[in-house]
Participant: 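Take this structure first; my questions come after.
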Amino acid sequence: MREAIRAFLQREIDEQVTPGAVIRIRHKGRIVVDEALGTNSLENDKVPMTSAHVFDMASLTKVMVTLPAILQLCAAGEIHLHDKVATFIDGFGNKGKEAITIQQLLTHSSGLIAHRPYFERRLSAQAVLEEIKRDELTYQSDTAVVYSDLGFILLKEIIEQVTQQPLEEYAKTHLFEPLSMQATCFKPQVARDKLAPTEYVEHLQGRKYGIVHDDNTEFMGGVSGHAGLFSTMEDLSRFTSMLETEGVYNGRTIIHPQWLALSKKNFTSYSTESRGIGWQLKGEGPSPIGDLMSSKTYGHTGFTGTSFFIDPVNELTVMLLTNRVYFGRTASMIRLRPRLHNLIMTKLFQ
């Protein structure tokens with residue numbers, strides 16, 4: 001299996017889907033594939049990619065920071081999933097948004113629009129929040145799944161209102177430190193050769209090294225509920241180990257098992273895109289999960305080329321980190337993930 005996966009990823013690198021890739025696969029709690037291929041960039045100072053390279057995790061921020069924080073606050077009795085967003089965010093409850101709940105934000109079924117290019121006006125985090133407060137619903141809540149960063153921008157605000165802490169501080173003390181995720185943070189301050197850079201941008205006259213790729217988050221100060229997190233394969237492996245063991249790591253409960261179990265249920269039966277509380281699930285429609293992983297598989301993807309998926313039935317965890325946006329915003333990664341997952345399942349159980 002190892003050689004087949006190496007060959008698969010090397011072809012993608014040769015075809016300039018990504019300059020490099022790091023993959024780790026666990027089966028029944030044991031690492032069966034642990035590979036780093038390619039280089040961190042194609043620039044003159046490029047270095048071989050390693051499992052210690054720091055990647056822009058993009059939307060994995062949603063499930064590595066925002067979701068665990070919300071589940072922790074639920075377990076502590078501070079909030080509940082059917083709390084209305086307007087309870088915590090003054091000025092939000094208008095234009096049809098009065099009844100939107102925390103759960104609807106987490107399942108991408110709130111009625112909010114998918115995306116707005118706030119970066120074009122270089123809006124700060126507070127200015128973005130004020131814009132969302134004035135937004136109208138684009139569809140009736142709980143009738144469709146429309147993947148929306150706006151919901152997770154709001155969830156960050158709710159977490160900060162409840163905890164009276166900046167999101168990055170809460171995440172450090174309640175997630176990263178207990179999980180010994182020492183390289184994981186927002187706005188990393190590490191050497192250039194330790195980073196997996198993303199695409200070239202005009203306003204920087206260069207590629208982004210340690211600067212969040214997400215355009216909106218960059219001008220929001222580098223921290224959001226939907227993007228901004230940087231991490232390594234070593235740290236991601238610790239995080240997924242905690243998920244595999246029902247939210248417990250080294251004897252300490254990080255996410256209460258009942259809340260973690262609830263989060264993995266399908267809350268969007270009205271859609272072919274199955275969504276848990278924060279999680280991407282294996283539904284009836286096209287999926288990065290592929291065709292062979294079980295119906296209980298859950299995880300998430302990141303636009304920069306990151307992903308992890310956990311199949312509890314087959315006791316399989318697949319973690320992939322790439323910086324595919326180094327070459328721009330092509331759709332090639334959409335085909336890579338399901339083909340990779342299918343290959344892994346085929347080789348693992350042949």
Side-chain angles (χ1 to χ4, degrees), residues 54 56-92 100-103 105-106 118 123-133 149-190 210-212 214 216-232 235-236 238-239 242-243 247-250 252-256 259-260 263 277-278 300:
V54 177
D56 181 336
M57 304 301 273
S59 282
L60 292 193
T61 307
K62 294 181 173 79
V63 294
M64 293 178 71
V65 176
T66 309
L67 172 62
I70 289 288
L71 295 179
Q72 287 176 341
L73 294 176
C74 285
E78 297 287 348
I79 60 173
H80 68 99
L81 292 176
H82 294 284
D83 263 332
K84 291 180 174 59
V85 175
T87 300
F88 306 96
I89 301 178
D90 290 340
F92 179 79
I100 290 179
T101 65
I102 288 173
Q103 178 175 303
L105 298 184
L106 287 160
Y118 302 116
L123 296 187
S124 67
Q126 187 58 43
V128 167
L129 184 62
E130 294 303 320
E131 293 257 330
I132 298 173
K133 289 180 185 180
D149 288 342
L150 276 65
F152 279 74
I153 293 171
L154 294 170
L155 287 167
K156 170 182 179 285
E157 180 67 15
I158 291 170
I159 293 164
E160 293 185 340
Q161 289 287 341
V162 173
T163 65
Q164 291 295 294
Q165 273 187 292
L167 181 66
E168 60 267 41
E169 287 184 15
Y170 181 91
K172 182 179 178 181
T173 56
H174 291 79
L175 294 168
F176 308 151
E177 289 179 350
L179 287 165
S180 300
M181 295 168 63
Q182 296 177 359
T184 302
C185 64
F186 294 88
K187 300 182 285 188
Q189 301 294 314
V190 297
I211 298 172
V212 61
D214 182 82
N216 286 337
T217 305
E218 179 184 358
F219 292 105
M220 291 167 68
V223 182
S224 185
H226 73 283
L229 189 69
F230 286 77
S231 191
T232 64
D235 281 3
L236 177 59
R238 291 183 178 93
F239 184 81
M242 175 270 294
L243 296 174
V248 177
Y249 184 80
N250 283 347
R252 177 173 176 175
T253 298
I254 307 300
I255 303 173
H256 193 284
W259 285 99
L260 183 57
S263 73
I277 300 296
H300 213 280

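Positions are given from 1, in the same order as the sequence printed here.
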Participant: If you measure only the distance, is there a donor-acceptor pair under 3.5 Å linking the side chains of Thr217 and Ser224?
Facilitator: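 Side chains of Thr217 and Ser224: no pair found under 3.5 Å.
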Participant: Does the side chain of Thr184 come within less than 4.5 Å of Leu229's, by heavy atoms?
Facilitator: yes
Participant: Tell me, yes or no, whether the heavy-atom count around Glu177 atom CD, taken from other residues, nucleotides or ligands under 6.0 Å, exceeds 12.
Facilitator: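 It does: Glu177 CD has more than 12 such atoms within range.
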Participant: Just by distance, no angles: are the side chains of Glu160 and Tyr170 close enough, under 3.5 Å, to form a donor-acceptor pair?
Facilitator: no
Participant: Take Val248 and Met242 through the side-chain contact (heavy atoms from CB on, under 4.5 Å) test and state the conclusion after the steps.
Facilitator: CA-CA 5 Å; Val248 177; Met242 175 270 294; over 6 Å; no
Participant: Hey, what do you get for CZ (Phe186) to CD (Glu169), rounding to the nearest 0.5 Å?
Facilitator: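 If we round to the nearest 0.5 Å, Phe186:CZ and Glu169:CD are 12.0 Å apart.
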Participant: Quick one: are Leu71 and His256 in side-chain contact, heavy atoms under 4.5 Å?
Facilitator: no
Participant: Between atom CD1 of Ile132 and atom CD of Glu157, what is the distance when rounded to the nearest 0.5 Å?
Facilitator: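 That separation rounds to 10.0 Å.
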Participant: Quick one: closest heavy-atom pair of Lys187 and Phe230, and the distance?
Facilitator: N-CD1, 4.4 Å
Participant: Working to the nearest 0.5 Å, report the span between OG of Ser124 and CG of Leu129.
Facilitator: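 Result: 9.5 Å between the selected atoms.
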Participant: Is the positively charged end of Lys133 above the ring of Phe92, judged by distance under 6.0 angstrom from the centroid and angle within 45° of the axis?
Facilitator: no
Participant: Which atoms form the tightest heavy-atom contact between Gly210 and Pro188, and what is the distance?
Facilitator: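 Closest approach of Gly210 to Pro188, heavy atoms only: O-CD, 3.6 Å.
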Participant: Test side-chain contact (heavy atoms from CB on, under 4.5 Å) on Leu154 and Ile89 and set out the steps.
Facilitator: CA-CA 8 Å; Leu154 294 170; Ile89 301 178; 3.7 Å; yes
Participant: Can you see which heavy atom on His174 is nearest to which on Ile254, and at what distance?
Facilitator: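 Nearest pair, atom of His174 first, then Ile254: O-CG2, 4.2 Å.
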Participant: Grab the two heavy atoms, one from Phe152 and one from His226, that are nearest each other, plus how far apart they are.
Facilitator: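 In this case the closest contact between Phe152 and His226 is CB-CB, 3.8 Å.
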Participant: With rounding to the nearest 0.5 Å, note down the distance linking CG in Leu243 to CZ in Arg238.
Facilitator: 14.5 Å
Participant: Taking atom types as modelled, find out whether Ser59 and Lys62 have a side-chain donor-acceptor pair closer than 3.5 angstrom.
Facilitator: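 Distance-only check passes for Ser59 and Lys62.
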Participant: Let me know which of Val162, Leu105, Ile159, Val65 forms a side-chain contact (heavy atoms from CB on, under 4.5 Å) with Ile70.
Facilitator: Ile159
Participant: To the nearest 0.5 Å, what is the distance between CG on Leu175 and CE on Met64?
Facilitator: 9.0 Å
Participant: For Phe239 and Leu179, run side-chain contact (heavy atoms from CB on, under 4.5 Å): C-alpha distance rounded to whole Å, both residues' side-chain angles, the deciding distance at 0.1 Å, then the answer.
Facilitator: CA-CA 7 Å; Phe239 184 81; Leu179 287 165; 3.9 Å; yes
Participant: Measure across Val85 and Ile102 and return the closest heavy-atom pair with its distance rounded to 0.1 Å.
Facilitator: CG2-N, 4.2 Å
Participant: Does the Asp214 side chain pair with the main chain of Ala227, one donor and one acceptor, at a distance under 3.5 Å?
Facilitator: no
Participant: Working note: Ile277 + Trp259, criterion side-chain contact (heavy atoms from CB on, under 4.5 Å); need CA distance, chi angles, decisive distance, verdict.
Facilitator: CA-CA 10 Å; Ile277 300 296; Trp259 285 99; over 6 Å; no
Participant: Under a 4.5 Å cut-off applied to non-hydrogen side-chain atoms, are Met220 and Ile153 in contact?
Facilitator: yes
Participant: Verify, without hydrogens or angle tests, whether Ser180 (side chain) and Phe176 (backbone) share a donor-acceptor contact under 3.5 angstrom.
Facilitator: no
Participant: Thr66 and Gly225: which non-hydrogen atoms are nearest, and at how many Å?
Facilitator: OG1-O, 2.6 Å
Participant: Could you tell me how the ring of His80 sits relative to the ring of His82: parallel (under 30°), tilted (30 to 60°) or perpendicular (over 60°)?
Facilitator: tilted
Participant: Got a salt bridge between Lys172 and Glu168, using NZ or NE/NH1/NH2 to carboxylate O under 4.0 Å?
Facilitator: no
Participant: Counting C-beta onward and ignoring hydrogens, is there a side-chain heavy-atom pair between Phe88 and Ile79 closer than 4.5 Å?
Facilitator: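 Yes, side chains in contact.
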Participant: Please round to the nearest 0.5 Å and tell me the distance separating atom CG of Leu260 and atom CG of Leu67.
Facilitator: 8.0 Å
Participant: Tell me whether Gln72 contacts the main-chain N or O of Ile255 through its side chain, where contact means a donor paired with an acceptor under 3.5 Å.
Facilitator: no
